[in-house]
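Reviewing the structure listed below.
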Amino acid sequence: MADSAASQAFDILILGGGSAGYACALRSAELGFSVGLIEKGKLGGTCLHNGCIPTKALLHSAEIAENAKTAAKYGVKASFESIDMPAVNAYKDGIIAGKFRGLTGLIKSKGITVIEGEGKLTGQDTVTVDGTAYTGKNIVLATGSYSRSLPGLEITGNKVITSDHALTMETLPKKALVLGGGVIGCEFASVWNSFGVDVTIIEALPSLVPNEDAAIVKQLERAFKKRKIDFSTGVRFAGVEENENGVKATLEDGKTFEADLLLVAVGRGPVTANLGFEDAGLTMDRGFVITNERLHTGVGNIYAVGDIVPGLQLAHRGFQQGIFVAEEIAGQKPVVVEDVNIPKVTYCEPEIASVGLTEAKAREKFGDDAVVTQEYNLAGNGKTSILGSAGLIKLVRQADGPIVGVHMIGGRMGEQIGEAQLIVNWEAFPEDVASLVHAHPTQNEALGEAAMALAGKPLHG
Ligand SMILES: Cc1cc2nc3c(=O)[nH]c(=O)nc-3n(C[C@H](O)[C@H](O)[C@H](O)COP(=O)(O)OP(=O)(O)OC[C@H]3O[C@@H](n4cnc5c(N)ncnc54)[C@H](O)[C@@H]3O)c2cc1C
């Protein structure tokens, strides 16, 4: 009895084993805490099973399809026949299975107790799973998010689907509508277009990827037009009818679109309903858990991390928040990283990678006269030309001050975000970056050239 009670009491009890929850578990174990990790589905959560990893696998298949289509340009005799969706899925699922095995083994090897089942917060230090109460000196909530819909828009899973359904399709539609021109919508539109699907994106806001810098938005819209990805922006979606042929979507201006299916990609809502959070006295806002900047909920020793905390819903933000909370509990006083300084990548073709303030936000913050920008066209970058890509890098600096925003678009530009986030987070001046050496010929060199231009000493620009 005593043993069983001890095995149900932890220093840190974490509800949800997705990116945020398992990162917290790993760091907590490393710091010497006893850790209980409650998971009702599969360790790895959305990112591993229904998000980052499967979508990037599909995007890689899409890249190979594009390579086959354009092979002749590079002197390679190859041709694109068709997409074998069961084989694409087998490749994708193989990656997920391998990573899942690795993660499960890692968690086990660190002595973390995984508790399988659906947990509910039943006290300030207690989570109950299938009638058993587990306690934690500290509780970390990490229950993640689900694909949202719009009021009155029913997800049937048949012809009106979410990304969860889109990731398991065994056949491709001929024509698809994508509702939402944000990250997930643009990624699926990009994959399907490469797979030969006729795609139209419907976005209520005035542009695709509306949170990106205006220069990047312009480039993406131009590139999507060139790829024949259609989009309608600036008019709200009114409704959709499913019929035997597919779907008919109507906008508020009366315009209609017909296709085989509609992918609803209008954002993700927090998984917090009926989990006892309100009863425990947590402050909630539209389902999100409100915390202070140190991710404490203000109640007992309860923290919240990941997609249930308002802000950017990204796996690496979840990892960082999970690690942060473990270190906070250990008294290490970790440094807060503001959402604006978290790198973002949209992995469509061309890729978008950004961190820090857009030009518009920088002008709002510092004033029109206190912001200087520099655009560097990737046409000047040898490696980008070799890859047959195009795009630009835009730097935003505070006048006579540091670089506060880096915005990039072009094939594979996601790989450049590492240096970009160091530049912004370490508040580097363009002159600092310009004096360092960037290897030739790399796409990374373009970031160095952009900084050189901003420092007043352009080389190839
Ligand atoms: C299609 C798609 C593509 C994406 N691509 C990217 C990308 O490229 N890069 C990126 O950074 N982010 C991406 N994301 C976002 C990323 O997946 C999320 O930000 C990340 O998974 C959030 O981590 P989390 O731990 O907060 O939540 P989740 O990963 O959702 O994990 C929450 C976990 O909690 C469990 N859980 C929930 N309630 C309970 C309960 N009551 N009891 C027990 N367990 C429970 C769930 O089963 C789940 O495993 C993508 C998302 C989607 C949908």
Side-chain angles (χ1 to χ4, degrees), residues 13-26 36-60 92 100 103 107 114-122 127-130 134 139-148 161-168 178 180 182-191 263-277 288-289 295 303-323 325 339 342-348 351-353 414 417:
L13 182 59
I14 303 164
L15 183 58
S19 311
Y22 86 67
C24 186
L26 288 171
L37 179 61
I38 305 167
E39 174 54 56
K40 68 173 179 181
K42 285 183 165 177
L43 288 178
T46 305
C47 169
L48 178 53
H49 302 282
N50 307 98
C52 327
I53 297 297
T55 47
K56 268 76 261 181
L58 292 189
L59 280 151
H60 187 61
K92 161 182 74 69
F100 179 56
L103 177 64
I107 295 276
V114 176
I115 302 153
E116 289 178 9
E118 182 160 5
K120 186 169 176 176
L121 192 64
T122 47
V127 178
T128 301
V129 183
D130 295 331
Y134 296 86
I139 301 277
V140 181
L141 305 174
T143 45
S145 62
Y146 67 95
S147 296
R148 262 198 309 117
I161 62 171
T162 66
S163 58
D164 293 343
H165 306 105
L167 284 170
T168 55
V178 175
V183 177
I184 294 176
C186 285
E187 289 188 355
F188 273 102
S190 188
V191 169
L263 168 67
V264 179
V266 294
R268 299 194 44 93
V271 174
T272 54
N274 307 317
L275 294 181
F277 294 1
F288 288 95
V289 179
L295 303 168
Y303 296 82
V305 292
D307 281 8
I308 58 171
V309 179
L312 288 176
Q313 292 176 312
L314 290 170
H316 43 279
R317 173 179 178 262
F319 293 143
Q320 186 271 341
Q321 291 190 339
I323 294 166
V325 164
D339 266 14
I342 291 176
K344 308 191 292 281
V345 180
T346 304
Y347 299 82
C348 54
E351 271 182 11
I352 298 171
I417 199 64

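As a basis for the values below, the full set of heavy atoms in this structure was taken, side chains included, without hydrogen atoms, waters or symmetry mates. Residue numbers start at 1 and run along the sequence shown. Start at 1 and go down the list; that is how both ligands and their atoms are numbered.
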| note | Correct closest heavy-atom pair for F288 and R268 would be CZ-O, 4.3 Å

| task | Report yes if some N/O of C47 lies less than 3.5 Å from some N/O of ligand 1; otherwise report no. | result | yes

| request: Among all protein heavy atoms, pick out the one at the shortest distance from atom 28 (P) of ligand 1; state its residue, atom name and that distance to 0.1 Å. | output: T46 OG1, 3.5 Å

| query | Heavy atoms, side chains only, cut-off 4.5 Å: are L141 and F277 in contact? | reply | yes

| said: Go through it in stages, so that I can follow the logic: the residues are L275 and L121, the test is side-chain contact (heavy atoms from CB on, under 4.5 Å), and I'd like the CA-CA distance, side-chain angles, deciding distance and then a yes or no. | reply: CA-CA 6 Å; L275 294 181; L121 192 64; 5.8 Å; no

| query | Taking heavy atoms and a distance under 4.0 Å, where does D307 meet ligand 1: side chain, backbone, both or neither? | reply | both

| query | Hey, which atoms in ligand 1 end up nearer than 4.0 Å to a heavy atom of G306? | reply | 26 (O)

| query | Does a side-chain heavy-atom distance below 4.5 Å link V309 with R317? | reply | yes

| said: Checking a contact table here: which protein heavy atom is nearest atom 2 (C) of ligand 1, and how many Å away? | reply: G51 CA, 3.4 Å

| Should I115 and E39 count as side-chain neighbours, where that means a heavy-atom distance under 4.5 Å? | no

| remark: closest protein heavy atom to atom 8 (O) of ligand 1 is K56 NZ, 2.7 Å

| message | How far is atom 25 (O) of ligand 1 from the closest protein heavy atom, and which atom is that? | response | A20 N, 2.9 Å

| query | With a 4.5 Å limit on heavy-atom distance, are the side chains of F188 and V183 in contact? | reply | no

| said: Are the side chains of I38 and I14 in contact, using a 4.5 Å heavy-atom criterion? | reply: no

| task | Please report the closest heavy-atom contact between Q321 and G306, naming both atoms and the distance. | result | OE1-N, 2.7 Å

| Would one find an N or O of S163, backbone or side chain, under 3.5 Å from an N or O of ligand 1? | no

| query | Between G117 and D130, which heavy-atom pair has the shortest distance, and what is it? | reply | CA-OD2, 4.3 Å

| field | Atoms in ligand 1 with a heavy atom of Y347 nearer than 4.0 Å | value | 8 (O)

| note | Closest heavy-atom approach to atom 35 (C) of ligand 1 among E39, E116, E187, E118 is made by E39

| S190 and L59: side-chain contact (heavy atoms from CB on, under 4.5 Å), yes or no, with the steps? | CA-CA 8 Å; S190 188; L59 280 151; 4.3 Å; yes

| query | Which bit of I308 gets closer than 4.0 Å to ligand 1, counting heavy atoms only: side chain, backbone, both or neither? | reply | neither

| What part of L275, side chain, backbone, both or neither, has a heavy atom within less than 4.0 angstrom of ligand 1? | side chain

| said: Can you report which non-hydrogen protein atom sits closest to atom 6 (C) of ligand 1, along with the distance? | reply: C52 SG, 3.3 Å

| task | Determine, using heavy atoms of G117 and all atoms of ligand 1, whether some pair is separated by less than 4.0 Å. | result | yes

| remark: Checking heavy atoms under 4.0 Å, the part of P54 that sits near ligand 1 is neither

| remark: Atoms of ligand 1 under 4.0 Å from any heavy atom of H316, numbered from 1 in the order shown, are 11 (O)

| message | Which residue and atom name correspond to the protein heavy atom nearest atom 31 (O) of ligand 1, and how close is it? | response | G18 CA, 3.3 Å

| message | Could you check whether any side-chain heavy atom of I139 comes within less than 4.5 Å of a side-chain heavy atom of L15, counting everything from C-beta outward? | response | no

| task | For atom 43 (C) of ligand 1, state which one of H49, K40, R317, K42 supplies the nearest heavy atom. | result | K40

| Can you tell if the side chain of L43 reaches within under 4.5 Å of the side chain of L37, non-hydrogen atoms only? | yes

| query | Given side chains that start at C-beta, do those of I161 and V264 come closer than 4.5 Å, heavy atoms only? | reply | no

| query | Is the closest N or O pair between V271 and ligand 1 shorter than 3.5 Å? | reply | no

| What atoms of ligand 1 come within less than 4.0 Å of a heavy atom belonging to S145? | 30 (O)

| Any idea which heavy atoms bring P343 and I417 closest together, and the distance? | CB-CG1, 3.3 Å

| message | Going by the closest heavy atom to atom 32 (C) of ligand 1, which one wins out of A142, G45, G16? | response | A142

| task | Return yes when G318 approaches ligand 1 closer than 4.0 angstrom through a heavy atom, no otherwise. | result | no

| message | For a quick test of reading the model, state the closest non-hydrogen atom pair linking P54 to K92 and the distance between them. | response | CB-CD, 3.7 Å

| remark: Of Q313, Q321, R268, K120, the residue with the heavy atom nearest atom 53 (C) of ligand 1 is R268

| Any idea which part of Y22 is under 4.0 Å from ligand 1, heavy-atom wise: side chain, backbone, both or neither? | neither

| note | for atom 40 (C) of ligand 1, nearest protein heavy atom and its distance come out as G119 N, 3.7 Å

| field | Shortest non-hydrogen contact from Q313 toward S145 | value | NE2-CB, 4.1 Å

| task | Among all protein heavy atoms, pick out the one at the shortest distance from atom 27 (O) of ligand 1; state its residue, atom name and that distance to 0.1 Å. | result | G144 CA, 3.1 Å

| message | Under a 4.0 angstrom heavy-atom cut-off, which atoms of ligand 1 come close to T143? | response | 32 (C), 34 (O), 37 (C), 38 (N), 39 (C)

